[in-house]
Amino acid sequence: MPSRASRPRLAALRGSGDNAGMNILLNGEARALTAPVTVDQLLAAEGLGERRVAVEINGEIVPRGRHALTALTEGDKVEIVHALGGG
């Protein structure tokens, strides 16, 4: 899960007080974003654009090939999980 220090990366996705904003839950934390935002854009803002991650929206896995096509909507519950290497 991103630390609180990483939140400024989402500044480009945050609403500016107009009606173009929306709220989602990202890994259990409330987030305000501008609309529309795709899964790809959210991953890039979180610094996870190049990482192998699993993304779930409202309990359903979003295949990697659909990340650029899948827009988030108001109230979505998004879970991002990335594998940690080890041995």
Side-chain angles (χ1 to χ4, degrees):
M1 179 172 1
S3 69
R4 293 186 190 277
S6 70
R7 285 189 183 160
R9 284 186 269 180
L10 282 179
L13 298 178
R14 290 188 191 282
S16 59
D18 58 16
N19 289 335
M22 70 175 162
N23 297 298
I24 66 166
L25 276 180
L26 176 59
N27 292 345
E29 281 191 35
R31 296 289 177 94
L33 308 174
T34 59
V37 174
T38 65
V39 171
D40 265 357
Q41 291 169 322
L42 180 63
L43 291 174
E46 288 294 309
L48 299 170
E50 300 301 318
R51 304 276 308 263
R52 289 179 101 34
V53 297
V55 178
E56 181 181 279
I57 299 176
N58 302 323
E60 293 188 28
I61 298 290
V62 178
R64 186 174 189 84
R66 300 217 28 98
H67 286 183
L69 304 173
T70 303
L72 300 174
T73 59
E74 176 71 32
D76 278 346
K77 182 180 176 187
V78 181
E79 297 290 330
I80 300 173
V81 179
H82 52 93
L84 299 175

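FYI, side chains are in, hydrogens and waters are out, and symmetry mates aren't considered; it's all heavy atoms of this structure.
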Residues at least two apart in sequence or cross-chain that pass side chain to side chain donor-acceptor pair (under 3.5 Å) with Asn58, listed by chain then number, are Asp76
Can you name the side chain to side chain donor-acceptor pair (under 3.5 Å) partners of Arg64, sequence neighbours left out?
none
Rounding to 0.5 Å, atoms CG (Leu72) and OG1 (Thr34) come to a distance of 10.5 Å
In Å and rounded to the nearest 0.5 Å, what is the CD to CD1 distance from Glu74 to Ile24?
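Here the interatomic distance stands at 9.5 Å.
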Side chain to side chain, [X] and [Y], heavy atoms closer than 4.5 Å:
| X | Y | answer |
| --- | --- | --- |
| Arg31 | Asn23 | no |
| His82 | Leu48 | yes |
| Ile80 | Val78 | yes |

If you look at every heavy atom in Thr73 and Met22, which pair is closest and at what distance?
C-SD, 3.6 Å
Correct closest heavy-atom pair for Ala68 and Asp40 would be CB-OD2, 3.1 Å
What residues form a side-chain contact (heavy atoms from CB on, under 4.5 Å) with Val62, not counting sequence neighbours?
Ile57, Arg66, His67, Thr70
Taking only Lys NZ, Arg NE, NH1 and NH2, and the carboxylate oxygens of Asp or Glu, determine whether Glu60 and Lys77 approach each other closer than 4.0 Å.
no
Using only atom types and a distance under 3.5 Å, with no angle test, would you say the side chain of Gln41 pairs donor to acceptor with the backbone of Thr38?
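Judged by distance alone, yes, a pair lies under 3.5 Å.
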From CA spacing to verdict: side-chain contact (heavy atoms from CB on, under 4.5 Å), Glu46, Leu26:
CA-CA 10 Å; Glu46 288 294 309; Leu26 176 59; 3.8 Å; yes
